[in-house]
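Working notes for the structure below.
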Amino acid sequence: MNTSAALGTTESDTLAVGPLLPAVLLALGLLFPTSTGGNISNLLYAVHQLLFCALALWLVLRYGAVGTAPQAWLAGLIVVWCAAATALSPFHDLALGALGVYVTMAFLLLLDLSRLDVAWSTVVLRVASLLLILVAVGVLVASAPVTDWMTANYSVAYAELVPMMVLLRKPVFTFGSHSLAGFFYFLVFYLNFESWRVQRRPADLALALACIAAGIFLTSVTAAVLMSVALVLVFFGTGRARWPLFGTLLLAGGVAGWYYRHELADLVAVSNMLTSFESSASGLSGRFGRDGNLLGSLEAIRSLPLRPIGVSASSTVFFGDSGPVEYLLRGSWPLLLAVYGGLALFLWHNLRWRRHALVLFAVTVAFEVGMTVLTYHRFVYFLPFAVMHLNYLATDPRRTT
C-alpha cells in the first residue's frame, strides 16, 4: 500500500537530494567526537547541537522543510515552557545548557522531511553499518587502535565509563553506554532489515543480522530485550525463508558453541551478561527500585507535582535515566505531552508508511522509560536520516511489502 498520497505527497512533489545530506547526517551523528584525549568537552557537545540547528535551518531555507502548524506550536511550547517553568522552580542553580538541548529537540520536531528524495541513503547506511560492525569486532578482539580511538574521542557521562565498557569487551561504538548502544544497534538493524524487505539484497540482511550479533555482546538488559525484538521481526519478516534462515543460524551457532565451548566459558561477555541480569543496579530496578538513582527525582515530582523546575538544577535530582521523569520534572505534564505529542506528529507527518511511524514511536518511547534519548545529540541527527531512508524505501519501485 502506498500511503504517500494520504500524506499529501506524490512522486512529482518530491525534491531530489544528493548523497551529501544523508552522509553528513550519519557522519556527524555517529562520529562527531565528545572528548579530546579522553577528557569530556562541553564545548564539543554545544558545537554538535549548534551544527544540527544550523543544518535544520538550512533544510528549512533550502527545501522549505517546515512541518505542520501543530508541529510548530508544540516545538515552540517545548522551548518556551522549559524557559518559563524555571521561574516556578524551588531550586536556584541554573543549567542553561539544558535549554540548548530542548532547542535542538524543537528544531528536530519542527522539520518536514516527507518530500525529500535521498536515493543514496542505502549506500550511506551500508557504509555506516559496516563501520559499526568492524568497530564492534575490534572491541571484541581488544584491538588497541580501535579501543584507543574510542576512549580518546568518545568519553561520555564520566571519564571511567568508556574505558570500563572497553575493558568488559562491550562494543558501545561512539555511544559510551551499553544501553544507548543497544538502542542504536536496533535502529541500524531495523533500517537494514527494511532495506532487505524492499530490495531483497543479501548484503542488507547480512548487515541486519550482524547488528543483532554485535548487540548481543553489549550484554545489557536493554540490548537483550531489543535484540530479542529484532529476532522476532526477522522471524516473522522473512516469510518462507524463515525456517532455512533460522535453521542455518541455529546450526552454525550450535557448532561454533560446541567447538569453542572451553573458550566461551572464559569469555568476559558470559559473566558480564549474567551479572547484568542478576544485578539490582541494572535495568529498571536500578532506576526505579528501592535504591534506584531516580528516587530523588521521583520524590521531587511527588512533592511538587505542579511546580516544575525548568532549566534549574539541584544535586538532589538526576537527569538522563528516564525521559518521562525528566520531562515531568522540568515541565510537568505540559512538557511531557508536548514532547511525545511532537514526536508522534513528526513521525506521522513525515513517514509515508504508517508501520514505520508506529515502530519508531513505540521503540523510542519504550526506551525512554529507562533512558532519555530525545535529548541525545546523536539521535537528533540519526532520526532524520532514518525517516528519509524509510521514505526512499516506500517509493522504491522494487518494493515487495
Side-chain angles (χ1 to χ4, degrees), residues 71 74-75 77-86 88-91 95 97-106 108-109 157 175 177 179-180 182-184 186-187 220-223 225-226 229 281-314 316-348 357-380 382-383:
Q71 281 180 259
L74 287 176
L77 176 62
I78 289 171
V79 176
V80 172
W81 181 240
C82 269
T86 309
L88 304 174
S89 175
F91 309 128
L99 186 60
V101 167
Y102 285 93
V103 169
T104 307
M105 182 203 296
L108 168 67
L109 299 182
F175 309 113
S177 158
S179 295
L180 274 171
F183 176 70
F184 277 90
F186 178 85
L187 292 180
S220 72
V221 175
T222 300
V225 171
L226 288 175
V229 172
S282 301
L284 295 179
S285 62
R287 292 161 169 78
F288 301 98
R290 184 174 300 176
D291 299 317
N293 55 12
L294 290 177
L295 286 182
S297 301
L298 294 171
E299 178 58 28
I301 295 171
R302 186 195 66 79
S303 59
L304 300 168
L306 300 178
R307 194 177 178 184
I309 71 170
V311 293
S312 65
S314 170
T316 62
V317 297
F318 182 77
F319 301 104
D321 270 2
S322 175
V325 170
E326 177 172 340
Y327 307 142
L328 286 171
L329 192 59
R330 290 204 182 277
S332 192
W333 289 100
L335 181 61
L336 179 76
L337 296 176
V339 168
Y340 290 131
L343 175 64
L345 284 177
F346 171 82
L347 294 173
W348 193 256
L358 292 173
V359 168
L360 289 181
F361 183 80
V363 171
T364 300
V365 174
F367 180 76
E368 280 245 316
V369 173
M371 180 164 285
T372 312
V373 74
L374 285 171
T375 59
Y376 183 49
H377 59 113
R378 299 199 187 281
F379 184 68
V380 296
F382 190 90
L383 187 58

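Given the structure is predicted, the values throughout are model-derived calculations rather than measurements. By convention here, the first residue in the shown sequence is residue 1.
- Annotation: side chain of Y376 is not in contact with side chain of F183 (no heavy-atom distance under 4.5 Å).
- For the atom pair CD (E368) and OG (S322), the distance works out to 8.0 Å, reported to the nearest 0.5 Å.
- Minimum heavy-atom separation, I309 to S312: O-OG, 2.6 Å.
- Between Y102 atom OH and L77 atom CG the span is 12.5 Å, to the nearest 0.5 Å.
- Within the 4.5 Å cutoff, the side chain of R378 has no heavy atoms near those of the L180 side chain.
- For the pair L374 and I78, the minimum side-chain heavy-atom distance is 4.5 Å or more.
- Legend: residues meeting ring-ring contact (aromatic ring centres under 6.0 Å, His included) with F186, ordered by chain and number and at least two apart, are F189.
- Evaluation of the ring-ring contact (aromatic ring centres under 6.0 Å, His included) rule for Y340 yields Y327 as partners, not counting sequence neighbours.
- When all heavy atoms of T222 and S179 are compared, the closest pair comes out as OG1-OG, 3.7 Å.
- Between F379 and L187, the closest side-chain pair of non-hydrogen atoms falls below 4.5 Å.
- R330 CZ to L336 CG: the interatomic distance, rounded to the nearest 0.5 Å, is 14.0 Å.
- Residues M105 and V339 form a side-chain contact, since some pair of their non-hydrogen atoms from C-beta on lies under 4.5 Å apart.
- Between W81 and P308, the shortest heavy-atom contact is CZ2-CG, 4.1 Å.
- The two residues L226 and V363 have their closest heavy-atom pair at CD2-CG1, 4.4 Å.
- Nearest approach of V79 to L99, heavy atoms of both residues: O-CD1, 4.0 Å.
- Put simply, the side chain of F361 does not reach to within 4.5 Å of the side chain of L358, judged on heavy atoms.
- Tested against L383, the residues V373, T364, L343 include a single side-chain contact (heavy atoms from CB on, under 4.5 Å) partner, L343.
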